[in-house]
Structures are given as C-alpha cells and as structure tokens.
Amino acid sequence: MVCERDPLVQKVCEFYEKISSLESLKPSKDVNMLFTQLVVTCMPPSPIDVTKLCKRIQEIRSKLIPLCGEAEGLLESHFSTILGSYENPLHHLNIFPYYSNYLKLSQLEFNILSKHCSNVPSKVAFVGSGPLPLTSIVLASFHLTTTSFHNYDIDPSANSKALQLVSSDPDLSKRMFFHTTDIMDVTNALKDYEVVFLAALVGMDKDEKVRVIDHLAKYMAPGALLMLRSAHGARAFLYPVVDPCDLRGFEVLSVFHPTDEVVNSVVIARKFPMTKHSVEQPLGPTKLPNKFFDIEMFNPLNHVNLMEELDIEKQLS
C-alpha cells in the first residue's frame, strides 16, 4: 500500500498543506509557483495506483483535486477577462500559459475521434466548457471546421466571458453556442449530438462523475461517442480518474495515457445501440476483442507521445 513513506506522496502532501493554507487561489506569484511545482511533481510516469493509497492520503487527494479545479477555473477566468478586452480575442490565445497544452490535447482528441468516427460530426456538445473554452475553440478552428459546438456550463458568468471571446469572429460566432444549465437537467437535447465531450472537472468526485455519466448514457443517441478526460499514475492527484467500469451503458473503445506534457488521459466510448440484445443485457461496458488492441498498437497516433492502455479487459473483469 502506498503511504506517507513514498517520496512523491510526501511531496504532494507538502504541497497540499501549503496550497490549503493560501488565503486565495486566484492567480498570483505564490499560487502560480505552488501549482506549477505540484504539476511538475506529478507529471513523470509513475506506478502509483491511487486506489491503493492509505486512508489519510486518499482524504488529502479528495481535498486536493477540488483545490486544483478551483485554481484552474480562476486562472481561466482571469485570462478570459484579459482576452475579452482585445478587439479580436482569438488572435491572442497564446497569452494563456497553457495554450500549447490545449493545442496538443485537442490534436490528440481529434486523432482519437477520427479513428472511431467515420463522418465529420455536424453537432457536438462540450459539457463543462468554462470561461475559456479552449478545446471547443481549437477543435472548431483547426480540426472540425464545419461542426457546430454547443457548450454547456452551469455558471452564467463563465458563459458570458466565453461568448465574448468568439462573438467578434465571423466564423466561430455562428458555430459556437453557449447554454447556461446543469447538464443533469438536459435530457432530449442530448440526442442531437454525435459526440459529447465531458470536461475533467465535471464531477469532482467518483460518485458525482458516475451520476453524470449515467445521465449521459440515458439520454445520448444510440451510437453517439462520449469523450472523457481522466488521469493516470501520480497525475490522479490533480484530476479525477474515470475507470472503464464507470462507463455503464457505453462500449469502451480505447483509453490513452499521454506521457508528455499533456496531463489528462483520454477515454472514448460509444453509447450502446438500442438493439434487442443490448436492452436485455444489464448496463455495463463491453469487453473489446484482442484484435482491437493489435490494430491500436500498430497504428500509433501521429506525432503524439503516448502510452496505450492495453489492459481494459483486465479492468472490466
């Protein structure tokens, strides 16, 4: 069992003590330094399995993830306000310190999506888009250039700031839509989307995340794709983990764990078709044939440093 004796765990605990004692998580020299050091500590590939942490460290992790989420939201809000002051905000996205990470993450997600989606989707949803919806903006600008993006966030101020970023752009202003609502209140509208992206910070604990996934499974169109962000190894101190067994009602297609500066793992799953067979079966993720993994191993994503997760069957058993 991984406990306080592990040097990495000790460092994470030290960062938690410092971060939790801060008066504010708004961007500042101290806040930026602490979170940068925390991320650098957690980034290298690590054999740590957060499910095997001792109780005290589990509790610290459960408190640290929301702090990371709050700080990330405040950072995005801060830069969205700055960007919104420009005449053409989209021309200045590179002032955001993690913009290059979003470029790489969006390229990764587009590559994965392309492997499992035969047609360019006409409508996609992004759940938990926030004040700086960089994934939607990057995908719409460079990869899915004819697709309409429907961004959902529960925070009206986040959507107001996000809208300000695209309103002056003649293209994105016609293809980016913002809905201020709790996704748990969205039902039949979810059937309109061929792909649904679920942000890492929607559902900050396991139970809440699973409730959202179950809701999507109930209302998404049969055959539609769900793309989620997860975390692996020590990166799971920063973000919630989505396990394949959490995806009830979906067929898990693949799980990718980046080993470069892209922090989040990417999971893609397909909503079960509503066939007689699937209705009779209990909800649960489908095991994939070994042949699938052979294909994935010999067709790595272009220009992306990745570790392919090849033991989905083991996780599902």
Side-chain angles (χ1 to χ4, degrees), residues 76 80 83-84 86-94 96 99-153 158-181 183 186 188-200 202 216 219-229 250-251 253-254 256 262 264 266-271 273 299 301-304:
E76 291 184 358
S80 185
L83 286 164
Y86 289 100
E87 184 176 351
N88 296 296
L90 300 187
H91 295 175
H92 304 276
L93 293 177
N94 60 353
F96 183 64
Y99 179 57
S100 63
N101 286 28
Y102 276 92
L103 289 175
K104 291 180 179 180
L105 177 58
S106 298
Q107 179 71 63
L108 166 59
E109 290 179 324
F110 174 70
N111 288 346
I112 294 172
L113 181 63
S114 298
K115 288 174 177 284
H116 301 286
C117 190
S118 55
N119 299 313
V120 176
S122 60
K123 290 178 70 175
V124 306
F126 195 99
V127 180
S129 47
L132 189 59
L134 284 175
T135 298
S136 291
I137 289 172
V138 171
L139 287 172
S141 299
F142 303 116
H143 304 296
L144 301 173
T145 56
T146 60
T147 302
S148 295
F149 284 76
H150 289 255
N151 300 282
Y152 288 86
D153 201 283
N159 275 339
S160 177
K161 290 181 177 181
L163 179 61
Q164 178 69 22
L165 300 181
V166 301
S167 59
S168 62
D169 187 85
D171 175 28
L172 295 196
S173 61
K174 297 175 182 175
R175 293 194 291 123
M176 298 271 283
F177 305 91
F178 297 90
H179 307 276
T180 303
T181 184
I183 198 63
V186 182
N188 291 332
L190 287 169
K191 292 181 172 63
D192 296 337
Y193 306 115
E194 295 125 290
V195 183
V196 175
F197 290 82
L198 183 62
V202 175
L216 295 174
Y219 290 105
M220 282 173 60
L225 293 169
L226 175 63
M227 295 202 71
L228 312 93
R229 292 170 183 175
F250 291 92
E251 175 190 8
L253 300 176
S254 66
F256 289 91
V262 175
N264 292 115
V266 178
V267 183
I268 185 168
R270 191 185 306 276
K271 169 77 180 289
N299 288 276
L301 297 181
N302 294 332
H303 311 300
V304 183

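Numbers here simply count residues along the sequence, with the first being 1.
- L93 contributes atom CG, which lies 10.0 Å from atom OG of S80 (distance to the nearest 0.5 angstrom).
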- [ ] Begin from the C-alpha positions of S122 and E194 and carry the test side chain to side chain contact (heavy atoms under 4.5 Å, CB included) through to its verdict.
- [x] CA-CA 7 Å; S122 60; E194 295 125 290; 3.0 Å; yes

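- Between Y152 and Y193, the ring-plane angle classifies as perpendicular under the 30° and 60° cut-offs.
- In summary, of the residues considered (V195, T147, D192), a side-chain contact (heavy atoms from CB on, under 4.5 Å) with K123 occurs for D192 alone.
- Heavy-atom minimum distance, P133 versus N151: CB-OD1, 4.5 Å.
- Contact annotation: the side chain of S254 never approaches that of K115 to less than 4.5 Å [non-hydrogen atoms, C-beta and beyond].
- D169 places a side-chain N or O within donor-acceptor distance of the main-chain N or O of L172, the cut-off being under 3.5 Å.
- Scanning all heavy atoms of the two residues, the minimum distance from L216 to F250 falls at C-CZ, 4.1 Å.
- When side chains are defined from C-beta on, L103 counts as touching F142, because their heavy atoms get closer than 4.5 Å.
- Side chains of I137 and M176 form a contact here, defined as non-hydrogen atoms less than 4.5 Å apart.
- Once rounded to the nearest 0.5 Å, the distance linking CZ of F256 with CD1 of I112 reads 4.5 Å.
- Comment: E109 engages R229 in a salt bridge, judged by a side-chain N to carboxylate O separation of less than 4.0 angstrom.
- Going from atom OG of S136 over to atom CG of L165 covers 11.5 Å, rounded to the nearest 0.5 Å.
- A side-chain donor-acceptor contact under 3.5 Å links D153 to the backbone of G130.
- With values rounded to the nearest 0.5 angstrom, S129 atom OG is found 13.5 Å from F177 atom CZ.
- Separation of atoms CG (L83) and CG (N88) is listed at 11.5 Å; rounding is to 0.5 Å.
- Note that CZ of F178 is 11.0 Å distant from CD of Q164, once rounded to the nearest 0.5 Å.
- Judged purely by atom type and a 3.5 angstrom limit, S106 has no side-chain atom pairing as donor or acceptor with the backbone of L139.
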Task: Worked verdict on L190 versus I183 for side chain to side chain contact (heavy atoms under 4.5 Å, CB included) - done: CA-CA 9 Å; L190 287 169; I183 198 63; 4.1 Å; yes

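- Proximity of Y102 to F96: side-chain heavy atoms (C-beta onward) are separated by under 4.5 Å at one or more points.
- Taking the side chain as every heavy atom from C-beta outward, L144 and F149 approach each other to under 4.5 Å.
- Using a 4.5 Å heavy-atom cutoff, the side chains of M227 and V266 are in contact.
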